[in-house]
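To start, the structure itself, in structure tokens.
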Protein chains: 2
Amino acid sequence: MVARQNTVFKEAYNRYAVALRTDTALPSEPEIAAQLGVSRSTARAILTRLSEEGIIRWNKRQKIVLRQPTDHDLFPSEETDSLHDIIERSFMQRILADDAAPGMQINELELAREIGTGTTSVREFLIRFSRFGLIEKRPNSHWTLKGFTREFALELADVREMFELHSAAEFGRLPRDSQGWVDLAAIRDEHHAMLADINQRFKDFSVLDERFHLLIHRASKNRFIADFYDAIAIVFHYHYQWNKTAARQRNERAIHEHLDYIAALESGDQAAIETACRAHLHSARQTLLQSLPQIATETT
Amino acid sequence: MVARQNTVFKEAYNRYAVALRTDTALPSEPEIAAQLGVSRSTARAILTRLSEEGIIRWNKRQKIVLRQPTDHDLFPSEETDSLHDIIERSFMQRILADDAAPGMQINELELAREIGTGTTSVREFLIRFSRFGLIEKRPNSHWTLKGFTREFALELADVREMFELHSAAEFGRLPRDSQGWVDLAAIRDEHHAMLADINQRFKDFSVLDERFHLLIHRASKNRFIADFYDAIAIVFHYHYQWNKTAARQRNERAIHEHLDYIAALESGDQAAIETACRAHLHSARQTLLQSLPQIATETT
DNA sequence: ATTTTGTTTTTTATCTACAATAAACATTTT
DNA sequence: AAAATGTTTATTGTAGATAAAAAACAAAAT
């Protein structure tokens, strides 16, 4: 019915409200907008509501926080998610569910109805999602789920290895005063910290893993590599929520490999970098293959 | 105004009509549909119109061609292009025009109006097109043209080289009785034929070039490599229409490199394959860089 | 029994409309 | 004069509607 949900406003409102402290004065509208990463129009809408709710007193440049907002002042989390995120979550759950067999048809209208959204948004999502190689479309006809098959995992791993070897070599060539080395040292220390408390913290590894590989890939300064890594990150993000077997052991091993890999990068020795990178990629490939759903073999 | 143009029907109608021969009998509806690559519904619509126009006599299974269709019977070519193709052509012309500077904003509504189409189709096209790395979008805001810059060409060339070296190595490992070798021999002969008549035929090279590289890439059986090559093919297709300088000389040189490359593949010697592949990719990179518009340097 | 034709239903492709958001323009304040 | 606020305009994001095209179902013919 409504053309568009004001989720940008609600999400930014929540974000801004929780950071408010009583009796402080707020900065100018353009500054607030920049802080929140929204337009000034949205920033003004936030100020308007804060004022209406009696959270701030607002008169031109004077913006005083009267009281701390409570949980009750915030918008519920269901209303702050962007439609794209809602569709993504919903769709990933469906295709990772047990009854989602490769070869299955995907129906735009049915999907839209189940998610409670229009078909246009679902269509656009599927078009964007198609670059991850998990779905495919025949023109004028339906989408087909290709699924998390062994073929998919192998093809993904092959490209990932080509790209990461390239990026790692580039990283090794970064000038010594570059920011990359500072970031790498910080990530190295985080690995050590996590290892020291591995029994408690092994679940946090996937976030660290993503940050580490992203740092490497940024060195390549290649948009195609960066895009591909985005795809990998999303696929892994959802996939590993479904496959948590032997996570502690697997993650501990990966941390050790990362540390070897980092040491090789810091040595600047290209041969050592390649060896350490290959070693890690080899075991990452095994992990990926082991995490596949059992039955998933292409049924085209 | 109209929800959807019947371009599938019109295009298939033309395709089928020109192939008709007087006094022949036509096959069953499912067979016609399969021949044309459309649904039976569309095939029936074609038969219906052919019948109405007096081109065939149609009664159940009996379908006799009464007369050869004339040009006058066919739909004009403007009505047979799919909307996607129209938008693609129109958009590529715009971004390859001289006044399309990198950093330029792309306006969906303006584009749609100029092409004479709805915004939804333009949006979907832009989303699909974005994976080629030439445009980029900030959420809730406009698309930006990144353009055929030197950076773009270098990033494209890097990935292309990684993929092609991989695919070429895989091709070299194909079993000797595989179809790939037959196709390769055929393409080799076509290269020789073109070389013998290079002054007349150098303009046909780009089609041969695309077929050759596609054949190599198919050996990798990797959806990400295949998708990337699709992107390259489209970019090159339009790009080289705008940059035809020294085409004869450039193409003749490329043919020689291809022949060396093919010989290396046929030898099955992995080291030779890599050498020949690298040599060709190196000069392809130079060609790409030389063909860039002169001014195009990123203006972010 | 399988294939073909006839008919109906489902699904996609595309248009239009409109609220949310961004961006531009105008006025005021420092 | 530069920056902030106030106001208006342009553009995007999404829903809903509908014709084209595909797909499913039903009846007839080989």
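Letters go in sequence order (proteins before strands), and every chain restarts at 1.
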**Prompt:** Base, sugar-phosphate alone, or nothing: which one does A:Ile106 contact when heavy atoms must sit under 4.0 Å apart?
**Reply:** sugar-phosphate

**Message:** Can you confirm whether more than 12 heavy atoms, excluding those of B:Lys137, are under 6.0 Å from its NZ atom?
**Reply:** yes

**Item:** Donor-acceptor contact below 3.5 Å, side chain A:Glu136 vs main chain A:Thr144
**Value:** no

**Atom-to-atom span, CD1 of B:Ile32 to P of C:dT4 - whole angstrom** = 11 Å

**Message:** Looking at B:Thr120 and C:dT16, is any side-chain donor or acceptor paired with a base atom of the opposite kind under 3.5 Å?
**Reply:** yes

**Request:** Identify, between B:Ser28 and A:Ala43, the residue whose nearest nucleotide on DNA chain C lies closer to the 5' end.
**Result:** B:Ser28

**Asked** Roughly how many Å is it from CG in A:Leu83 to P in C:dA20, rounded to a whole number?
**Response** 14 Å

**Prompt:** What nucleotide among D:dA17, D:dG6, C:dA17 has an atom nearest to a side-chain atom of B:Thr119?
**Reply:** C:dA17

**Atom pair NZ (B:Lys146) and OG1 (B:Thr149), whose distance is rounded to the nearest 0.5 Å** = 7.5 Å

**Asked** Got a salt bridge between B:Arg94 and B:Glu114, using NZ or NE/NH1/NH2 to carboxylate O under 4.0 Å?
**Response** yes

**Prompt:** Is a salt bridge present between B:Asp73 and B:Arg49, judged by a nitrogen-to-oxygen distance below 4.0 Å?
**Reply:** no

**Request:** Would you mind telling me which of A:Phe224, A:Phe228, A:Phe163 makes a ring pair (Phe, Tyr, Trp, His ring centres under 6.0 Å) with B:Phe163?
**Result:** A:Phe163

**Prompt:** Could you write nucleotides 19-26 of chain D as a row of B, S and -, 5' to 3', where a protein heavy atom under 4.0 Å of any base atom gives B, of only sugar-phosphate atoms gives S, and otherwise -?
**Reply:** SBSBBB--

**Message:** For a quick check of understanding: with a heavy-atom distance under 4.0 Å over all strands, which category does B:Thr117 fall into, base, sugar-phosphate or nothing?
**Reply:** sugar-phosphate

**Request:** Using a 4.5 Å cut-off on heavy atoms from C-beta on, say whether the side chain of A:Arg89 contacts that of A:Asp81.
**Result:** yes

**Message:** I need the B:Ser82 OG to B:Ile87 CD1 distance, nearest 0.5 Å.
**Reply:** 8.5 Å

**Message:** Does anything in residues 121-134 of chain A come within less than 4.0 Å of DNA chain D? Heavy atoms only, and list the residues if so.
**Reply:** A:Ser121

**Message:** Using side chain to side chain donor-acceptor pair (under 3.5 Å), reason through B:Glu108 and B:Thr119 one step at a time and then give a plain yes or no.
**Reply:** CA-CA 6 Å; B:Glu108 292 176 2; B:Thr119 50; 6.0 Å; no

**Prompt:** In whole angstrom, what separates B:Leu109's CG from C:dC18's P?
**Reply:** 15 Å

**Asked** Once the angle between the rings of B:Tyr229 and B:His217 is folded into 0 to 90°, is it parallel (under 30°), tilted (30 to 60°) or perpendicular (over 60°)?
**Response** tilted

**Prompt:** How about A:Val122 and A:Phe91: do any of their side-chain heavy atoms sit closer than 4.5 Å?
**Reply:** no

**Message:** Tell me every residue that passes salt bridge (charged side-chain N to carboxylate O under 4.0 Å, His left out) with B:Arg4, counting only those two or more places apart in sequence or in another chain.
**Reply:** none

**Prompt:** Through what angle, rounded to 10 degrees, does the axis of the helix from C:dA1-D:dT30 to C:dT30-D:dA1 turn between its ends, using five pairs per end?
**Reply:** 40°

**Request:** For A:Leu111 and C:dT11, give me the distance from atom CG to atom P, rounded to whole Å.
**Result:** 12 Å

**Asked** Rounded to whole angstroms, how far apart are CZ on B:Arg44 and P on C:dT7?
**Response** 7 Å

**Request:** Round to a whole Å and report the spacing from CD1 of B:Ile135 to P of D:dT12.
**Result:** 12 Å

**Prompt:** Hey, is the side chain of B:Lys137 poking within less than 4.0 Å of OP1 or OP2 on D:dT12, counting only N and O atoms?
**Reply:** no

**Item:** Interatomic distance, A:Arg49 CZ vs C:dT21 P [rounded to whole Å]
**Value:** 13 Å

**Prompt:** What residues, two or more places apart in sequence or in another chain, satisfy salt bridge (charged side-chain N to carboxylate O under 4.0 Å, His left out) together with A:Glu88?
**Reply:** none

**Item:** Aromatic plane relationship, B:Phe125 with B:Phe129 - under 30° parallel, 30 to 60° tilted, over 60° perpendicular
**Value:** parallel

Using nucleotides 27-30 of chain D, report all nitrogen or oxygen pairs with the protein that are shorter than 3.5 Å.
none

**Message:** Rounding to an integer number of Å, can you tell me how far B:Leu47 CG sits from C:dG6 C1'?
**Reply:** 13 Å

